[in-house]
Amino acid sequence: MVQATPFLLVLFLALWAHGLAVKKCSLTGRWVNDLGSNMTITTVNANGVFAGSYHTAVTATSNEIKLSPLQGALQKSPNQRGQPTFGFTVNWSFSDSITVFTGQCFVDEYGKEVLKTMWLLRSHVDNIKNDWKATRVGINVFTRLQSQE
């Protein structure tokens with residue numbers, strides 16, 4: 001048992017140091033996705049509720065693209081371990097549609113924050129017969145935009 005004590009001490013210190021080095025993922029800030037759309041999350045309160053804005057790079061309408069508000073919430077469970085799940089809604093300012101996103105904030109092996117998301121976009125249609133074409137689904141990966149100072 002005496003010989004095992006130094007080994008256990010070194011093992012404990014290595015695991016403890018690794019735990020300190022784990023970076024937590026924060027939603028607050030500026031993000032860009034794989035299609036070039038930009039999102040800014042300005043606040044996340046103590047309950048996990050957040051707000052911000054979204055500027056899409058793509059649209060199915062001929063309307064001028066405008067900055068649109070977003071609102072959401074992240075899961076505050078202690079089981080999230082710094083990589084929270086979240087959801088948010090974008091109410092498009094330039095079209096008769098709305099999109100809901102759900103995803104998780106990850107820190108990759110290089111310490112880079114990544115948001116993996118799936119979305120549903122609901123467009124307005126004039127009657128129930130056209131309901132079949134009103135909802136689209138997709139995925140996006142967001143990476144943090146570095147501030148340009």
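Residue indices begin at 1 and follow the sequence shown. These values consider heavy atoms only, across backbone and side chains, with no hydrogens, waters or symmetry-generated copies. Everything numeric in this text was worked out from a predicted model, so none of it was measured.
Residues S53 and S68 form no side-chain contact, since every pair of their non-hydrogen atoms from C-beta on lies 4.5 Å or further apart. Looking at heavy atoms from C-beta onward, I98 lies in side-chain contact with T89 at the 4.5 angstrom threshold. The side-chain heavy atoms of T117 and T102, taken from C-beta on, include no pair separated by under 4.5 Å.
Atom CD1 in I41 sits 6.0 Å away from atom CG in L70 (nearest 0.5 Å). In this structure, CG on L67 lies 11.0 Å from OG1 on T56, to the nearest 0.5 angstrom. How far CG of L115 is from CZ of F101: 10.5 Å, rounded to the nearest 0.5 Å.
Taking each heavy atom of I139 and W119 in turn, the nearest pair found is N-NE1, 3.6 Å. Here the closest heavy-atom approach between residue K24 and residue E113 is recorded as O-OE2, 3.7 Å. Annotation for V107 and Q83: closest pair N-OE1, 2.6 Å, computed over non-hydrogen atoms. The two atoms that bring A57 and S37 nearest to each other are N-OG, 2.9 Å, heavy atoms only. Of all heavy-atom pairs between V44 and L27, the closest is CG2-CB, 4.4 Å. Contact record, P84 with C25: CD-O, 3.9 Å, taken as the closest heavy-atom pair.
Side-chain contact annotation: N33 with Y54, donor-acceptor N/O pair under 3.5 Å present.
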What verdict does the side chain to side chain donor-acceptor pair (under 3.5 Å) test give for N38 and W31, after you've listed the backbone C-alpha separation in whole Å, the side-chain angles of each residue and the deciding distance to 0.1 Å?
CA-CA 6 Å; N38 288 283; W31 300 87; over 6 Å; no

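Ion pairing between D131 and R122 holds under the 4.0 Å rule for side-chain N and carboxylate O.
Considering only residues two or more places apart in sequence or on other chains, S97 meets the side chain to side chain contact (heavy atoms under 4.5 Å, CB included) condition with W92, S95, L121, S123. Residues that satisfy the ring-ring contact (aromatic ring centres under 6.0 Å, His included) test with F106, not counting sequence neighbours, are absent from this structure.
The aromatic rings of F142 and F88 stand perpendicular to each other, their planes meeting at an angle above 60°, with 30° marking the opposite boundary.
Side-chain atoms of N127 come within 3.5 Å of backbone N or O of N130 as a donor-acceptor pair. For the pair R144 (side chain) and S26 (backbone), a donor-acceptor distance under 3.5 Å is present.
V90 and F94 end up in the same hydrophobic cluster when Ile, Leu, Val, Met, Phe, Trp and Tyr side chains are linked at under 4.5 Å.
Within the structure, side-chain hydrogen bond (donor to acceptor under 3.5 Å, both in side chains) contacts touching residues 39-50 (residues at least two apart or in different chains) do not occur.
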